[in-house]
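Working notes for the structure below.
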Amino acid sequence: MSYPELFAIASAVMAILMIGSGRLRINLLFYAFQTVFASAVTASCGLVSGDHQLYSIGLAILLVKAIGVSAFIAWITKRIGVTSDPGTLIPVPLSMHASIVFLVVAHLLASQLPHLKGQDHSLGGATAAISLLLTGTLFMLARKVAVSQIIGFLTMENGIYLFALTQTRGMPMMVELGILLDVLVVVMIAGLIIFRIKRSFEHIDVTLLTELKEY
Amino acid sequence: MNVGEWLLFAAVLLVVPILTAGTIRKIKARLQNRVGPPLLQPLYNVVKLWRKGETVSEDATWIFRGAAVINLAVVLVVAALLPWVSFKPGLTGDDIFLFIYLLASARFFGILAALDTGSPFSAFSSSREATLSLLVEPAIVLSLVALALGAHSTSLGSIFAYGAAAGPAAAPVWIVAGCGLFLSSLVELSRMPVDDPTTHLELTMVHEAMLIENSGPNLALAEIAYTVRLTFLYGLTVQCFLHAVYAVAPVGMTLLAVLSVLGIFLLAAGTALLETVTVKLKWTRCPEFIAYALTMGLFACMAAIFRGGV
Amino acid sequence: MLKYRNIIILILVPGLLALLSCFGVAAAFCGWSHVAGWTAPPPVYLGVCPVQMRLDSLAAIFLLLLSLVSFSVSLFSPGYLEHLRGRVSPGFYWLTVYLFIASMAAVVLAANALTFLLFWEVMSLSSAALVAFDMTSTQAQKAALIYLGATRIATALLAAGFLWAHQLFDSWAFAGWNFGGPETLGPSVLIVLGFAVKAGLWPFHIWLPYAHPTAPSPVSALMSGVMIKIALYGILRLFAFQSGASLEIALLILFLGTVSAVWGVLFALVQRDLKRLLAYSSVENVGLIALGIGLYLYGHHCGLESIAAAGAVAALFHSLNHGLFKSLLFLGAGAIDASVHTRDLSHLGGLGRAMPWTLLYFVTGSAAITALPPLNGFASKWLIYQGLFQVAVDSGNLVHVGLAIAVIGILAVVGGLALACFTKAVGIAFLGRARSRAASEARECAPPMVLAQGLLAVLCLCLGMGSPWVGRLLSELVSGQFSQPFVPELPMVNLALALLLVAGCLYVAALARTERSLKKYCSWECGYGRLNARMQATGESFAQPIASLLRPVLQYRMRAEISGRDRRHFPEQVKAEAGMQSLLESRVYGPLIAAVRWLSAHMARLQAGSIHFYLLYLLVAVVSLLVAGVVL
Amino acid sequence: MEDSLIGPILLFPVALAVLCLLLGRASRAGLAVAAGGWLYVALLAVQLIPFVLGVGGRLPLLPGLALEKLGACFLLLTAVVVACALSHAHAFFSSERQSASSPSDRQVLLFYVFALVFLLSMSAVYICDNLGLLWVSIEATTLTSAGLVYFRRDKHAIEATWKYLIICSVGLAFALLGTIFLFSASQHGLADGGSLNISDLIQQAPGLEPTLMKLGFIFCLAGYGTKAGVFPLHSWLPDAHSEAPAPASAMLSGSLLNCALFALWRLLQIASGVPGSHFCQEMTLWAGIVTVVAASLFLVRQHGLKRLWAYSSIENVGLMLVALGLGSAPLFLLQAVNHSVAKVSLFLLSGNIIQLAGTKQLSELRGLWSAAPGWAALFALSALAVTGVPPFGSFISEWLILVSSFESRHWLAAVLLLLGLSLAFIAVCLHAGKVLTGSPRSEIEPARTCSRSVVPAALVLVSVVLGLVIGPDFLRAAL
C-alpha cells in the first residue's frame, strides 16, 4: 500500500468517524481531518509522480478547505448557537455502520473500474473516493441541520476530488482552482443563507423548509 | 299516359276510402249486435263538417290550419304515387323512401298542429304519435326494402309491377312483408290494439286526441285524410298478398283489379273483427305489439336475402 | 366619436364580411371548373414544407358553403350582438370571427399537411375563443376547455397520422398520399379518428353539446354548419378523392356514422336547451355524412361504382344541406335567445305569434333536417338510403347485405327520432302558450336577422327542389373517379308543385271560406276553467315516452313524488323529476379524466417539499441510470 | 481579429455591473442596465452573425475557450433573453415599489449586479472548450443565480434558494465526477495522456475508453440533468422559478436551462464518436420523454401560476433532451429559441399579473380578461406559444422533433411525446383559462401601464414570426 492510498483510506475513515457523531463540532473536526488527509494524498501523489503542481494544490486545499472552510463553518455554528442535530433522520450509530458497509461496497465498485497503467494507488484511491462520496451523501440525507448538509456536500466533494486525483494523471491546474473557487463560494453563500434561515425560521433545521410543495 | 286509367283510378280514390271507413264501422256495429250507421256515414260526416263554421284556439298560429291542408295534400299525393291498387297508373319518383318521408311530413305537421293549441290532451297524443311512428317506421321500411330487394329497385312502381310470375319461392317474401305492412298499418292508423279510435277519454287516445281542437272544414280535411290513408295502407297490404298469389298462379289484370279493391274491404272487415275481439293494449305494452311488425319486416328481409342469395 | 365606432361595428365590419363572402362564392364557382394553386413566397415556410393552397372542385363546395353561411352570419351578427352587449366586446367578436372564417377557408384550401394543421389549429383556437366569449361565465370556460381538449386530441391524432403517412409516402403534400394499400391502415385509422373527434362523431362527440350552446348563435351556426363539416372534408380530401381506403376504414366510418346518427338524435330529443338539442342533432347529421363517406369508400374498395357515386354525392350534398339548415336553426335559436334571453325550452313557448318569420324559417329548417320532401334534407338522405340499398342489392357478401339492411332500419328509427326531436323543438319553443314572462314579451328580431334566416331557408328549399341538378353537378365533380356516374334522381320539382297545388286547392276549397268567420276560443280545457301555460306539455313530457323506452342508453330516470293526505285521489303536491346522463361521460370519459387526475395527484406527492427526499431522488436517479447503463 | 473583439465584449456585463454600483440608485441603474443589455446584444450580434452565417466552424478565443456556431447562437439567445428580462425589470420593479412589500433600492441594485454576473457566467458556458471549465462555469451560474432567487429574502425565497443551491450543487458534484470519468476515459484510451479539451475529445473520440466514457456520461447526464430540470431531478426548479422575481424567473427559464442542456450537447458530441455509445443518445432521449410525460402530469394539478410555467419549462427541457437524443443540434437550438421567447414573455406577464392581483395562487387568480384585456390577450397568446400551437414557433420545432423521432423509428417515443404534449396543452388551457375568465376580485383596479407589455408583446410577435419562417435550409441541417 502506497502513501497516497494510505492517506486516502485514512481520509475515508475520518469521514466514517465524522458521521458517527451528532455534534456539529465533532463533525467539523473530523471533516477537517479528512480534508487534511486529502491534501496529504495530493502531496504524496505529487511525490510519487513528481508533478510539482500537486504540492501547491495540496497546500491550497489545506489552507482553503481544511482550515478556512472549517473555521468559517465553526464560526457560523458558534454565531447561530446550534451545536447538534435536533434528531437525525437515521440514527447516528446506524449511519456510521452503514457507511462502513459503504466502504466495502466502494471497494467492490472500485475494483470493477479499469485502472490506469502506472498509477498503482488508483484502487485504494477509488475505494476511498467512492466511500467518501457515499458517506457524504448519507450525511446529507441523514441530518436535519443546514450546516450538516454543507459538511456532507463538502465530504462528497472531497470524494470527487480524491477520485480525480487518483483516477487521472492530474486534472489541469486551471480546472482544479476553478473547482476549489466554486466550492468556496458555495460554502460562503450557503453560510449567508444559513444566517437567514436562522433569522426567519429560528432554527437551521432544513426539515422545516417544506412550505414549497405540490400538494 | 292513359286517360282512362287515370279516370278509373280517380274514381276508386274517391269512392273506396269512404266505403272502407264505412265498412269498418258497419261491420263492427254488426258484430257488436248494433245496426250501425249507414255505409256512407263518413261522407255524410264530412259534408256536415264542411258546412259548419270553424272555431280555432286563440293560441294557435297559422300552423294549425296550414297543417290540415298540408296533411291532406300529402296524403293525396302519396295516394297518387303508391300502387295500392293493381291498376294505378305509373308515375316517376314513386320511391319507397319518398313514400315513407311523405308520410313523415304529414305526421310532422300533424304533431305541430296538435302542439299549436297548447292543449295538454293533444300534446299527450302527439308525443305518443311520435313514439309510435318511431317504432313503426323501421317495420314499414324493412318490409318494403325486402320487396325492393327482389325487384332490385326502390321504385314502388317496379316493385309492385305485375310481370312474369316469379314462382313459389317469391311468395313467402310477399306474405311476410304483407303481414308486416298490415301490422304496421294498424299502428300507423291508430287502430286497435294500439289505439282505440272510439274511446271517449282523451287521455288514452292518440289520433283522435290530436284532432281535439279541429272543427268544421278543418276537421273534415283531417277525416278525409284519415280515410284515404287507411285505404292506401290497406291497399298496399292487399297488393302484397295478391303478389303472393300471383307468384304462384298468375291471374288476369281485370281479376287483379277487382281483387285489389275487394281485398281492401276484406281487410276492413278483418279490422272490424279484430277490434271487436281484442282490447286496447296498455300504452307501455304497445312496443311489444309493434315488435311483431318489425319482426315481420326482418323476416321478410331475410327471406329476400336468401331468395336472392341462394 | 362613439357613434362613428358604432357605425363601423354595425355596418362596415359585417358589410366587409358579406362582401368577402361574395368573393368566396365567386371563388367557389371558379374552383368548380378550374384548379388553382398558390404557394407562399419564400420567407414564409413551415419547417418542412411551404404554405401551399389549392382550389379544386372539392374545396369549392366547402368554400361555397362557408361563404353562404358567413354571409348570413354577417347579416345576423350585428343584431345579435346588441343582445350580448356588455358581455362581449364587438371588436373582439369580429376579430375572432374573421379569424375563424379565414382559417376555415384556409383549411379547406390547404394543400399539404402542415398548412392544414396550421390553419386547423387557428380555426380551433379562434372558435374556442368565441366559445369562451363570455369571460365571466364559468360555464363558458368549462365548455371552452372541453372543446380545446377535444380539439387537441384531434390534432394529436391527426399529427400522428400525418407523421406516419409522411413516413410511408415521403411527402407532405396531400396529393402525394395514397391510402389504398394495406400498409396504410395505421395512419388511416389515426387520421380518421382525428377527424372523427373534430367532426363530433360518436364516441368523440361530447364536446359538441358543450361548445355549441355556449358560443354566440352566429358562431354556433358557423361551427356546426361549417366547421365540423371541414373535419369530414378532411376525410373526403385524404381518402375519398385521392385513392380510396381499405375496407376496414370504410367499415369503421360506416360504424361510427351509424352509431353517431342514432346516439346524436336520441340525445337531441331529450335536451331542454334548444342549442344543446341542435348540437346533438349535429352529431346525428355528421353521422349521416359519415355514412355517405363510408359508402363511397366501401363502393370504391369493392369496385361497385353505383354505391360509390351515391355515397360520394350523398356525403357532399348532405354536408352542404346540413350546413345550411343547421345554420338556419342556430340562427333561429339565436333569434330566440336575443328576444327572450333564454334557450331553455321550459321557459319558452308561444313565440310563434310574436315572431312569425322566425317561426316560418325555423319550421322550414326543422322540416329540412327531419328530411321532409321536397326540402334538401330529404334529397341527401335519400341518396344515403339509395347507397345502402345498392349495397344490399349488389355487394354479394351476405354479411354486408345484412348490415346494410340493418343500417336502413336504423336510419328509419333515426328519421322517427329526428321527427320527434324537431316537432318538440318547434312545438315547445314556438307553439302553445308562453311558459315565462320573458317569452310572452318576445318580439320579432331585427329585419337583417330575419333576412339572414330567410336567405338560408330559401336556399334549403332551392337545394331541395333543385336536387336533381345539384346531384348531377356533384356527380360531375366525382365523375372523374367513375366511368359512368350514377345520378339517382327524384322529380322534386314536380312533387313540390303537386303538393303546393293540392294544398292550395284544398285551402281555397275548405279553409279560405271560413277565414273571415273564424271563431276564436280558448283550447279545450275539459270544462274546468281556462288552461294556463303550466298545464301544457313540456319538452320533457313530450320526450318522455321515447326516453323511457330507451332508458338504458340514456340512463333516463324518472321520479314522481305525490304528497297529500289522500294522495291517490286528491294530490296536493306533485313533484316529478326526470334526469338523464350521458353514458359515455359517466362511464368512459369521467373515469379517464379521474385516472389522469389521480396520476397527477400521486405525481404531485413526489414534490413533497422535503429536501432530503429530493436528494434521495437524485441518488436513486443516479443509481438507476448506472444500473441501466450496466444492464443495457 | 474577431477573437480580439469577442472576449472584451463578453466582459461588457462586468463593466455594466460596475457602472450599476457606481450609479448607486436602482432607478438610474435600471435604465442603464436596459440600455446596456441591448447594446450588448447589438455588439454581440455584429460580431457573431457574420461568424454564424460564415464558413468557419470554430473560433478559438483563449486557451481552453473557443466558440462554435451553436454556442454562438446560444450566446446571442442568452444575451437577448437577459436584455429582455432586464429591460422589463425596470418597469417591473418601479411598479413593485408601489406595492406594500417593496424591495429596497439596494436589493434592486444587487439584483441588477447579480443578473449581469449571471449573464457573464452563462456566456462562459458557451465559450468553454474544456469539460472542466464547462463544469466550473455551470456551477458559477448556480451561484450567481442563487442571488436572484434569494431576492425577496422572505421565508419562501430562502427555502427556494437553499434547495436550489444544495440540490444543484450535489447534482453538479455528480457531473464533476462524470467529467473526471471522461478525463480518465481519455487518459485510458489516448496515447498523449488525455485531455479535457472538448474539440480534441471530439476528434479523438474513437480512442476513448468506452466503459469509463459511458459511466462519465451517465454521471454527467444526472448532474447537468439536475441543473436542467430533468425528471426526477427537477425538484428545485419549480421552487426557484416561482420564488424568484419575474425577470429572474424569465432568465432562469429562458437562458439558464439552455446552459445545462448545452453542456449535455457537448458531451453527446463527444459520445457520438465513441463506438457503441448509441446508448448515451438513447438514454438522453428517454430521459427527455420521461420528463415530458411527468411534467405534463405535474401540470394538471397545479396551484401556483409561476410554478405552472416552471413545469412547462421542465416539459420543454424534456423536448430539448429528445432533440439532443436524436442528435440534432439545430432542433435543439430551435426548440430552445422558441421556448425561451415564449417562456420569457410568459414569466414577465405572470409577474405583471401577480403584481396586479397580489397573489400567485391559481385558485385566487380570476378575471384577468376583465381586469387587463391587453395583458390577458398577450398571456393567452404566450401560453399557446409555449404549448406548441401553430402559428407559433414551438409548433414547428415540436413538429420537427416528432418528424425526426419518427424517422429514427422511435415510435413509442413519438407517441408518448404526443400524449405528453397534448396533456400539457390541456392542462395549460385549464389553468390559463381559469386565470383569464371569471370575475376579478373587486379590489383590483384595471392596470393602465403599457410599459410592462412592450417586451412580452414583442416576444409574442417574434414567436409568430419564428413559426412561419423556418425554411428548408434549416430543415436540411436539422434532419
Side-chain angles (χ1 to χ4, degrees), chain B residues 50 53-59 61 63 65 68-70 72-74 76-77 92-93 95 97-98 100-102 104-105 107-108 111-112 115-121 123-124 126-128 130-131 133-135 137-138 141-142 145 148-149 152 154 212-213 216-218 220-221 287 301 305 309, chain C residues 350 352-353 356 359 363 367 370-373 378 382 385-386 389 392-393 398 401-402 405 408-409 412-413 415-417 419-420 423 426-428 431-433 490-491 494-495 498-499 502-503 506-507 510-511 513-514 517-524 531 535-537 541-542 544-546 549:
Chain B
W50 199 270
E54 191 181 346
T55 306
V56 173
S57 164
E58 57 203 9
D59 295 324
T61 60
I63 287 189
R65 301 185 82 212
V69 174
I70 295 173
L72 182 54
V74 167
L76 287 175
V77 169
T92 52
D95 188 89
F97 302 109
L98 181 64
I100 302 287
Y101 279 88
L102 276 173
S105 324
R107 196 175 299 123
F108 181 84
I111 292 175
L112 284 190
L115 288 171
D116 198 11
T117 57
S119 155
F121 304 118
F124 260 150
S126 60
S127 153
R128 291 180 174 186
T131 313
S133 73
L134 158 77
L135 293 170
E137 223 157 73
V141 167
L142 287 180
V145 163
L149 282 176
H152 284 221
T154 56
I212 197 165
E213 293 293 326
N218 195 339
L221 291 179
C301 284
I305 292 170
Chain C
R353 266 158 301 130
L359 169 66
V363 169
T370 321
L372 303 186
F378 174 71
W382 183 74
Y385 275 117
Q386 286 297 327
F389 182 72
V393 171
L398 219 55
V401 172
I405 290 174
I408 292 179
V413 177
L417 282 168
L419 185 125
T423 46
V426 177
I428 306 296
L431 307 180
R433 289 186 163 200
L490 275 180
N494 296 357
L495 179 74
L499 280 175
V502 177
L506 287 171
Y507 178 74
L511 300 186
R513 295 178 299 119
T514 49
S517 58
L518 267 187
K519 202 174 150 203
K520 291 267 183 185
Y521 198 63
C522 64
S523 301
W524 168 239
L531 288 171
M535 293 176 183
Q536 296 177 97
S541 69
F542 186 82
Q544 191 270 339
I546 300 177
L549 209 60

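Because only heavy atoms are used, hydrogens play no part in the values below, and waters and symmetry mates are left out as well, while side chains stay in. Proteins get letters first, then strands, A, B, ... in listed order; numbering begins at 1 in each.
When the candidates C:V426, C:V502, C:I428 are compared by the number of heavy-atom contacts under 4.5 Å with chain B, C:V502 comes out ahead. Note on B:T61, B:L72, B:I63, B:D116: by heavy-atom pairs under 4.5 Å with chain C, the leading option is B:D116. Counting heavy-atom pairs closer than 4.5 Å to chain C, the top residue among B:I100, B:D95, B:V74 is B:D95. For the options C:G409, C:A537, C:P356, C:S541, heavy-atom pairs under 4.5 Å to chain B are most numerous at C:G409. Between chain C and the options B:S57, B:A130, B:S119, B:S133, the largest number of non-hydrogen pairs under 4.5 Å is found for B:S57. In terms of non-hydrogen atom pairs under 4.5 Å with chain B, the most contact-rich of C:G427, C:P373, C:A503 is C:P373. Of the residues considered (C:A420, C:A367, C:G352, C:G402), C:A367 shows the highest number of contacts with chain B, using heavy-atom pairs under 4.5 Å. The greatest number of non-hydrogen atom pairs below 4.5 Å with chain C, out of B:R107, B:R65, B:E54, is found for B:R65. Taking B:L112, B:D59, B:L142, B:L76 one by one and counting their heavy-atom pairs under 4.5 Å with chain C, the maximum is reached by B:D59.
Both the backbone and the side chain of C:T370 come within contact range of chain B, with heavy atoms under 4.5 Å apart. Of the atoms belonging to B:E58, heavy atoms from both backbone and side chain fall under 4.5 Å from chain C. Using a 4.5 Å cut-off between heavy atoms, B:V145 touches chain C through backbone and side chain atoms alike. Interface remark: B:A220 contributes no atoms to any contact with chain C (heavy atom separation under 4.5 Å).
Between B:L134 and C:L419 the shortest side-chain heavy-atom distance does not fall below 4.5 Å. Side-chain atoms of C:T423 and B:S126, non-hydrogen and from C-beta on, never get closer than 4.5 Å to each other.
For the residue pair C:L549 and B:P287, the shortest heavy atom distance occurs at CD1-CG, 3.5 Å. The nearest pair of heavy atoms linking B:A104 to C:L372 is C-CD2, 3.9 Å.
The CZ atom of C:F542 sits 7.5 Å away from atom OG1 of B:T131, with the distance rounded to the nearest 0.5 Å. Interatomic distance, C:L518 CG to B:N218 CG, rounded to the nearest 0.5 Å: 9.0 Å. To the nearest 0.5 angstrom, C:I405 atom CD1 is 4.5 Å from B:L149 atom CG.
Using modelled atom types, one finds a donor on one side chain and an acceptor on the other under 3.5 Å when comparing B:T154 with C:Q386.
Aromatic ring pairs are classed by plane angle as parallel below 30°, tilted from 30° to 60° and perpendicular above 60°; the pair B:Y101 and C:F378 is tilted.
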